[in-house]
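Structure, as structure tokens:
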2 protein chains.
Amino acid sequence: MLNQPQVVSAKTRERVQAAMKELNFHLNPAASALRRGHGNVITVLAASLAQPWYTKLMRALKVEIEARGFTVMLVDLQHDPEVLRQALLPNSQHLPTGMVLATGDLLADTETFEAIRAAHATRPMVVIGQHVPDAEWPTVQFTDEEWAYRATREMLQHADSVAFLGQLEGSYLATERLAGYLRAVREVGLDEERWVWPIATRGYEAGLEAVHRRIDAGEIPGAILAINDELALGGSRALLTRGLRIPEDVAVMGFGNTDFLDYVTPTLSSVDGSATEAARVAIDALWAQFEEQPFPELTVLERTLVHRESTRNSEPA
Amino acid sequence: MLNQPQVVSAKTRERVQAAMKELNFHLNPAASALRRGHGNVITVLAASLAQPWYTKLMRALKVEIEARGFTVMLVDLQHDPEVLRQALLPNSQHLPTGMVLATGDLLADTETFEAIRAAHATRPMVVIGQHVPDAEWPTVQFTDEEWAYRATREMLQHADSVAFLGQLEGSYLATERLAGYLRAVREVGLDEERWVWPIATRGYEAGLEAVHRRIDAGEIPGAILAINDELALGGSRALLTRGLRIPEDVAVMGFGNTDFLDYVTPTLSSVDGSATEAARVAIDALWAQFEEQPFPELTVLERTLVHRESTRNSEPA
DNA sequence: CTGAAAGCGCTTACAG
DNA sequence: CTGAAAGCGCTTACAG
């Protein structure tokens, strides 16, 4: 009766509901989960809670998941493949209901790939951020190579060199964006290697340090494309403290279009991608698996360039 | 045997463990929870995931909770009392294991207070951020009134007026900080009401708007104390776009000492409080309840002033 | 439409 | 030290 209230008569139903209220009775979710064979929790594995983009995505995912009557369990992977593998083990989970894996860290290496395969054998799953060859799960990702290419080409209209702030081993996203950057640089006949800047980590401080080091070495490009907004802000700070003007001396563009960009000085341009849309498509694909419906193997979402003060063409033609 | 491996002989133990591995067997957590009477999930209710301070606190809480072998379920309250009340209902929870409530929104009003009381009757609980009179649960909070007072006094050494950016109804934290500000202003004999600025919400945009409005009205103080770092950044942006210099014309200080303050220009001063320490004390008090040990009813943690470019005495004497 | 019974997968107390 | 049994609180199939 509790799960199909319409099968009993209205009178009985009301009597039961009154009694439930009076006795302050509530279903025991562990017992329900045991009997049904699954709980109502979706685990979201996010690359890092310290990065604003994942916070943004996380909130969008919560909206979609809660709209379906499920709750979210959030795991902060901290960019550590070992944390991911642990999180994927069945015993660290609640009953296998579903998982969302959102990370830009490379998943195609053998060990991680096998861990995901094993986890996916037990429960529905969706990956946001990267398509792994031979994946059996649905993937949602952005057109990163393409938009890194476009951002670079556009910056090259106003600058004779563009640095890529964000070469990072083990990062799928950094590698995709680097590929787009290199394609653009190659097309205009510039030296491909010259302005590729590696970073130590993904945070503000790493951006600050990398740019300081290059200025010390006398290498000052006409523009910088950073793989995220934190690096863009850290890099900007380094430029400003060294007396360089943004965008007059060096233009700056990040990735992610996170909240703070409109409030820093100068405001920062960024390559945007809709967290809301990514979340919607991903959760649709997850639910299709619950219902044993077909799902799109790969969904590719477009991006847009958002110009602010840190790039020269903040007034698009 | 699974829960007390030492009671069986080494040979049997190994045989069982080998079989578990071979069959890829894992305990069903719902069944364990049902039998034991409680699960291993701590629910963390945070005021807003959009605010960097709560992200910081959340990460510290996860560390403490996971160190004890429990997992974290995160709920974003979005500053909505209705969401809080829903989250406190027993049926929206897993088995009653424990809850951490971290919010600066006023809890002392009758309805919310009753909801917390009812939830606390079912399970251990700890509140971070505010002491509610007659609370039966442990509370961890910072010395907000005191440090708002000290920050204001210090800014008054270099400015003849300090504005308070953050009057906000329904916020315990805003009210505490306003009280400290007013005490400082009163002590030096200034008009108490004149520089108290209300805000519409807690984000960057609200800070920007509030400050623009005041500049339009010709009200320019010598310094601004904001109740969080987002408002401080939004407010700074407004000052800079109107040609005001920070700190020469207007000094700025926020609350929370979040990540980005060292990378914006000018870097922003802030009143710090240790999220790590708050998390440690809170989870200790939660576990004391599990073990039916006594716990401190109220723990008050100190704060510190962190000076950066946006205040005049960035080199403390 | 209603009520009683079986069983989900564990944990624990108990008998051997 | 080992094995078999009871029971946590639900859901669902079935008998009345």
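In what follows, every chain begins at residue 1, and chains take the letters A, B, ... in the order their sequences are listed.
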| Salt bridge check: are A/Arg68 and A/Asp284 linked by an N-O gap of less than 4.0 Å? | yes
| query | To the nearest Å, how far apart are B/Asn40 CG and C/dT11 P? | reply | 12 Å
| DNA chain C: stems of at least 3 consecutive Watson-Crick or G-U pairs whose donor-acceptor distances fall under 3.5 Å | C:1-3 with D:14-16, C:5-12 with D:5-12, C:14-16 with D:1-3
| field | Salt-bridge contact B/Asp259-B/Lys56 (side-chain N to carboxylate O under 4.0 Å) | value | no
| task | Could you pull out the closest heavy-atom pair between A/Arg59 and B/Leu49, with the gap in Å? | result | NE-CB, 4.2 Å
| note | d(B/Ile65 CD1, B/Leu286 CG) to nearest 0.5 Å is 7.0 Å
| Would you call A/Arg117 and A/Glu136 a salt bridge, taking side-chain N to carboxylate O under 4.0 Å as the test? | yes
| request: Rounded off to whole Å, could you give me the CZ-to-C1' distance for the B/Arg35 and C/dT11 pair? | output: 5 Å
| request: Measure from the side chain of A/Arg36, starting at C-beta and using heavy atoms only, and say which of D/dG9, D/dT12, C/dT11 lies closest. | output: D/dT12
